[in-house]
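The structure under discussion appears below in the form of structure tokens.
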Amino acid sequence: MAGLRARQKADKNRRILEAASSLFREVGYDSARIEDIAERAEVSVGTFYNYYENKGDILVATVSMEVEEVLEAGQSIVENPPGSVGEALDVLINQYYDHSLVYLTKEMWRTAMAISIQQPNTPFSQRYTDLDNRLCGQISALMQKLQLRGAILTGIDAVAVGQMVFNNLNMMFTEFVKDEASTLEALKDNVARQNRPLATLISAPR
């Protein structure tokens with residue numbers, strides 16, 4: 001019975017998340033009403049509030065859903081990356097970027113970023129920061145894996161390199177979501193071009 005209740009709870013939560021995400025995309029975050037999210041998810045407004053206190057909570061939950069799936073997919077790349085540093089970075093970062101607009105629009109990303117900056121001590125912001133840290137850690141883990149394989153020079157601080165790469169791709173993604181006309185392909189091309197000199201500098205001779 002407990003297992004059934006847990007599955008029913010998880011199903012309701014997923015329905016609420018998917019309903020909110022689709023409504024945010026259709027009418028915009030500011031225009032979406034909690035009553036409409038509940039109706040679309042086929043739950044009562046009271047049930048909605050059993051899961052989330054406000055729209056900000058459900059927005060960060062949507063960001064979490066996005067990033068959790070990205071991290072899971074990225075793990076297989078970290079475990080068995082391409083041989084060269086440049087190619088490994090391209091594959092992992094492109095996987096991040098290709099998934100970035102599955103659940104969220106640029107407007108939703110802008111709102112999430114703004115809330116995390118304006119209210120840095122809230123659970124929302126702390127969760128957002130934790131997700132960023134996990135993505136950063138995954139890139140550093142990729143660099144460490146490549147170093148163990150001999151693709152990166154032994155004297156290089158692989159963790160610091162991963163942090164540098166993440167800081168740049170995060171900044172570039174912020175610029176991307178600020179510009180509605182900017183495309184994912186242009187973003188990926190720009191980041192790959194900027195990573196190329198770094199990859200050349202840290203790669204071990206073959």
Side-chain angles (χ1 to χ4, degrees), residues 21-22 24-25 28-29 59-60 62-117 127-149 151-153 156-204 206:
S21 176
S22 64
F24 291 161
R25 294 177 73 91
Y29 174 82
L59 180 59
V60 79
T62 307
V63 172
S64 297
M65 181 169 63
E66 182 93 67
V67 177
E68 291 288 353
E69 291 185 8
V70 164
L71 286 164
E72 183 177 353
Q75 189 56 38
S76 62
I77 298 171
V78 172
E79 290 172 357
N80 188 29
S84 75
V85 177
E87 186 181 358
L89 282 174
D90 285 349
V91 169
L92 184 62
I93 292 170
N94 287 350
Q95 192 272 328
Y96 289 171
Y97 286 158
D98 284 338
H99 203 288
S100 63
L101 300 180
V102 171
Y103 300 117
L104 294 100
T105 62
K106 288 187 177 186
E107 183 219 13
M108 291 163 69
W109 276 113
R110 290 194 297 268
T111 302
M113 291 173 182
I115 293 173
S116 71
I117 293 168
R127 178 64 175 148
Y128 190 93
T129 300
D130 175 64
L131 293 167
D132 265 0
N133 289 338
R134 290 174 63 192
L135 286 168
C136 182
Q138 189 169 74
I139 297 174
S140 289
L142 174 67
M143 296 296 96
Q144 290 175 300
K145 181 77 170 186
L146 290 169
Q147 193 170 49
L148 286 172
R149 283 188 171 186
I152 291 178
L153 294 166
I156 296 292
D157 184 339
V159 172
V161 170
Q163 292 166 342
M164 290 169 57
V165 170
F166 174 77
N167 288 338
N168 186 57
L169 73 88
N170 201 26
M171 183 273 293
M172 294 291 288
F173 183 72
T174 300
E175 293 301 312
F176 164 73
V177 299
K178 285 165 57 179
D179 181 1
E180 285 293 340
S182 180
T183 67
L184 273 175
E185 288 307 312
L187 172 65
K188 292 190 288 187
D189 287 346
N190 285 335
V191 172
R193 179 177 58 81
Q194 293 175 15
N195 283 337
R196 220 166 282 134
L198 176 64
T200 300
L201 287 171
I202 67 175
S203 293
R206 292 190 176 185

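In what follows, residues are counted from 1 in the order of the sequence shown.
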Atom [atom1] of [X] and atom [atom2] of [Y]: how far apart are they, to the nearest 0.5 Å?
X	Y	atom1	atom2	answer
Ile139	Gln144	CD1	CD	12.5 Å
Lys106	Leu101	NZ	CG	7.0 Å
Asn195	Arg193	CG	CZ	10.5 Å
Ser84	Ile152	OG	CD1	10.5 Å
Phe173	Asn168	CZ	CG	14.0 Å
Met143	Asp157	CE	CG	12.0 Å

Smallest separation among heavy atoms of [X] and [Y], with atom names:
X	Y	answer
Asp132	Asn170	OD2-ND2, 3.6 Å
Ala199	Val85	CB-CG1, 3.9 Å
Val102	Arg25	O-NH1, 3.6 Å
Gly74	Leu92	CA-CD1, 3.7 Å

Problem - Near-ring test Phe176/Trp109, centroid separation under 6.0 angstrom - result: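 Here the rings of Phe176 and Trp109 have centres that are no less than 6.0 Å from each other.
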Exercise for the section: With sequence neighbours left out, write down each residue that passes ring-ring contact (aromatic ring centres under 6.0 Å, His included) with Phe24, or none if nothing qualifies. Expected result: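 Result, ring-ring contact (aromatic ring centres under 6.0 Å, His included) vs Phe24: Tyr29.
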Flag side-chain contact, heavy atom, 4.5 Å: [X] against [Y]:
X	Y	result
Ile93	Val165	yes
Lys145	Pro81	yes
Leu104	Leu59	yes
Leu131	Glu66	no
Thr174	Met113	yes

Okay, side chain of [X], backbone of [Y]: is any donor-acceptor separation there less than 3.5 Å?
X	Y	value
Gln147	Leu153	yes
Ser100	Tyr97	yes
Gln138	Leu71	yes
Ser21	Tyr103	yes

Problem - Full working for salt bridge (Lys or Arg N to Asp or Glu O under 4.0 Å) between Glu87 and Arg196 - result: CA-CA 9 Å; Glu87 186 181 358; Arg196 220 166 282 134; over 6 Å; no
Handout entry: Neighbour count >12 (heavy atoms, 6.0 Å) for atom CE, Met65
Key =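 Enclosed: over 12 neighbouring heavy atoms sit under 6.0 Å from CE of Met65.
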Check this for me: does any side-chain nitrogen of one of [X] and [Y] sit under 4.0 Å from a carboxylate oxygen of the other?
X	Y	answer
Glu107	Arg110	no
Asp98	Lys188	yes
Glu72	Arg134	no

Exercise for the section: Just do the side-chain contact (heavy atoms from CB on, under 4.5 Å) check on Leu89 and Leu142 with the steps written out, would you? Expected result: CA-CA 8 Å; Leu89 282 174; Leu142 174 67; 4.3 Å; yes
Exercise for the section: Please step through side-chain contact (heavy atoms from CB on, under 4.5 Å) for the pair Ser140 and Gln163, ending with a clear verdict. Expected result: CA-CA 6 Å; Ser140 289; Gln163 292 166 342; 4.1 Å; yes
